[in-house]
S.K.: 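Below is a structure I'd like to ask you about.
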Amino acid sequence: MVNQLQEALDSGGVALGVLDNAYSPTLVEFYGELGLEFVWLDFEHGGPDPWDSREVEDLLRAAERTDIELLVRLPDTDPTLVRKALDLGVRNVFLPRVETADEVEAAVRSARFTYDGDPGKRGLGSPRARRWGMRGDYVAREDAETVVGTTIETREAVENIDDILAVPELGFVFLGPLDLSVAYGHPGELDHPDVRDAVETVRAAAIDANVPVGGLGFGMDDVNEKVDAGYQILNLGSTTGALKGAVQDWLDAYGGDR
């Protein structure tokens, strides 16, 4: 199965997805049937422990059933955790709350058998990703189809953005405006000039460095504006957000007494 997220990034296209904050294999499978490119699983702020392989494998099987990619945000930048996720069969991971290029490089290197012309730090075993030893092209395929990105959501990451973008084989940067609003002392004020300047600094630098940019869509007008601004990974919303909107519309349209 081709990595649709990577294919979109490499072709200069746009990958659209949804945050499944219900962490449901059924919904992951359903989102694939709807034609999205990815389901975002945020293990930093919720969901199963990513060390729990059984739960993660169920989510992966659902994604594989309908050819949709999982975009997994890990709760930590620990290279061991990166390798664990990839060995389970995750192909797209991104890191939380990074501050330096060294931190990012260690994680990206841990995802590669060969990295920037040198030996990588990926362990060669026979895990699920290798079909328990039965995939003959495993090493070459994993290096070709694994995408490791990072969230930019701290003041330090913004200050170090040029060095972070220079990390070899970095798959993408994903802007986190909510955490940036906290980092700059204006929680929830996404339109505050300091927050907007930080976001624009990262967006412009990433495009100049030819590193794909991802972000949150706040309504479809915002999504379309961000596509025009060069974003290639866009989260359209969440499972609970979609349900909230649908149920509220039903209740608003109800003509009886409650």
Side-chain angles (χ1 to χ4, degrees), residues 3 5-15 17 37-38 40 42 44 69 71-74 76-79 81-82 85-86 91-112 114-118 120-122 143-184 190 193-217 225-235:
N3 186 334
L5 177 62
Q6 181 191 52
E7 188 174 52
L9 298 182
D10 289 348
S11 68
V14 177
E37 280 75 41
F38 69 89
W40 175 12
D42 189 350
E44 180 189 10
E69 291 297 326
L71 178 57
V72 174
R73 177 155 67 178
L74 298 172
D76 194 275
T77 62
D78 182 353
L81 184 56
V82 173
L86 298 180
R91 296 193 289 185
N92 310 287
V93 299
F94 66 121
L95 313 169
R97 307 196 65 77
V98 301
E99 296 184 351
T100 69
D102 287 345
E103 191 177 6
V104 175
E105 182 174 350
V108 178
R109 187 183 296 272
S110 75
R112 295 285 188 267
T114 302
Y115 180 70
D116 196 29
D118 294 318
K121 296 286 188 178
R122 181 87 183 262
D143 273 357
E145 296 190 356
T146 295
V147 179
V148 180
T150 187
T151 316
I152 303 298
E153 55 190 348
T154 68
R155 185 187 287 261
E156 292 80 6
V158 175
E159 293 170 353
N160 294 321
I161 190 60
D162 290 334
D163 290 339
I164 289 172
L165 292 168
V167 170
E169 300 181 40
L170 176 64
F172 61 89
V173 292
F174 194 99
L175 278 152
L178 294 167
D179 281 346
L180 282 173
S181 74
V182 175
Y184 281 85
L190 303 190
D194 291 347
V195 179
R196 293 178 68 90
D197 286 350
V199 168
E200 178 55 22
T201 293
V202 174
R203 185 203 68 83
I207 289 175
D208 286 347
N210 200 31
V211 174
V213 183
L216 305 174
E225 288 175 7
K226 283 176 175 167
V227 170
D228 291 341
Y231 284 71
Q232 288 186 262
I233 302 173
L234 281 161
N235 184 67

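Computed from heavy atoms alone, side chains included, the values below leave out hydrogens, waters and symmetry copies. Because the structure is a prediction, the values reported are computed rather than measured.
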S.K.: For a side-chain contact (heavy atoms from CB on, under 4.5 Å) check, start with the C-alpha distance between Thr100 and Asp163, then their side-chain angles and the critical distance, and finish with the verdict.
M.R.: CA-CA 8 Å; Thr100 69; Asp163 290 339; over 6 Å; no
S.K.: Atom CG in Leu86, atom CD in Glu145: separation rounded to 0.5 Å?
M.R.: 12.5 Å
S.K.: At what distance, to the nearest 0.5 angstrom, does CG of Asn160 lie from OG1 of Thr154?
M.R.: 8.0 Å
S.K.: Write out all pairs satisfying salt bridge (charged side-chain N to carboxylate O under 4.0 Å, His left out) with one or both partners inside residues 196-209, taking only residues at least two apart or from two chains.
M.R.: Asp191-Arg196, Glu200-Arg203
S.K.: Considering non-hydrogen atoms only, spot the tightest contact between Gly171 and Val147 and give its length.
M.R.: CA-CG1, 4.0 Å
S.K.: Determine whether Leu216 and Trp40 satisfy the following criterion, side-chain contact (heavy atoms from CB on, under 4.5 Å), listing intermediate values before the conclusion.
M.R.: CA-CA 11 Å; Leu216 305 174; Trp40 175 12; 3.5 Å; yes
S.K.: Quickly, which of Val167, Val93, Val98 forms a side-chain contact (heavy atoms from CB on, under 4.5 Å) with Thr150? Name it, please.
M.R.: Val98
S.K.: Please name the pair of heavy atoms, one in Ile164 and one in Ala157, separated by the smallest distance, quoted to 0.1 Å.
M.R.: CD1-O, 3.8 Å
S.K.: Would you list the pairs meeting salt bridge (charged side-chain N to carboxylate O under 4.0 Å, His left out) in which at least one residue belongs to residues 167-182, sequence neighbours left out?
M.R.: Arg97-Asp179, Arg112-Glu169
S.K.: Which donor-acceptor pairs under 3.5 Å do side chains of residues 101-109 form with protein atoms, sequence neighbours excluded?
M.R.:
residue, atom, partner, partner atom, Å
Glu103, OE1, Glu99, N, 3.0
Glu103, OE2, Thr77, OG1, 3.2
Glu105, OE2, Arg109, NH2, 2.9

S.K.: At their closest point, which heavy atom of Leu9 faces which heavy atom of Pro212, and how far apart are they?
M.R.: CD2-CB, 3.8 Å
S.K.: What residues, two or more places apart in sequence or in another chain, satisfy ring pair (Phe, Tyr, Trp, His ring centres under 6.0 Å) together with Phe38?
M.R.: none
S.K.: So, using side chain to side chain contact (heavy atoms under 4.5 Å, CB included) as the criterion, who are the partners of Thr151 when residues are at least two apart?
M.R.: Arg73, Phe94, Glu153
S.K.: Quick one: pull up CG in Leu71 and CG in Asn235 and give me the separation to the nearest 0.5 Å.
M.R.: 8.5 Å
S.K.: Quick one: pull up CG in Leu234 and CD in Glu37 and give me the separation to the nearest 0.5 Å.
M.R.: 10.5 Å
S.K.: Could you work out, with side chain to side chain contact (heavy atoms under 4.5 Å, CB included) as the rule, every residue matching Ala205, not counting sequence neighbours?
M.R.: Ile161, Asp162, Leu165
S.K.: Any donor-acceptor pair under 3.5 Å linking the side chain of Thr146 with the backbone of Asp143?
M.R.: no
S.K.: Which heavy-atom pair separates Gly230 from Ile207 by the least distance, and what is that distance?
M.R.: CA-CD1, 4.0 Å
S.K.: Using modelled atom types and a 3.5 Å cut-off, is there a donor and acceptor pairing between side-chain atoms of Gln6 and backbone atoms of Ala144?
M.R.: yes
S.K.: Which atoms form the tightest heavy-atom contact between Pro177 and Val195, and what is the distance?
M.R.: O-CG1, 4.0 Å
S.K.: Roughly how far apart are Asn92 CG and Asn3 CG, rounded to 0.5 Å?
M.R.: 4.5 Å
S.K.: Is the shortest side-chain heavy-atom distance between Val199 and Leu190 below 4.5 Å?
M.R.: no
S.K.: Rounded to the nearest 0.5 Å, what separation is found between the CG atom of Leu81 and the CG atom of Leu74?
M.R.: 4.5 Å
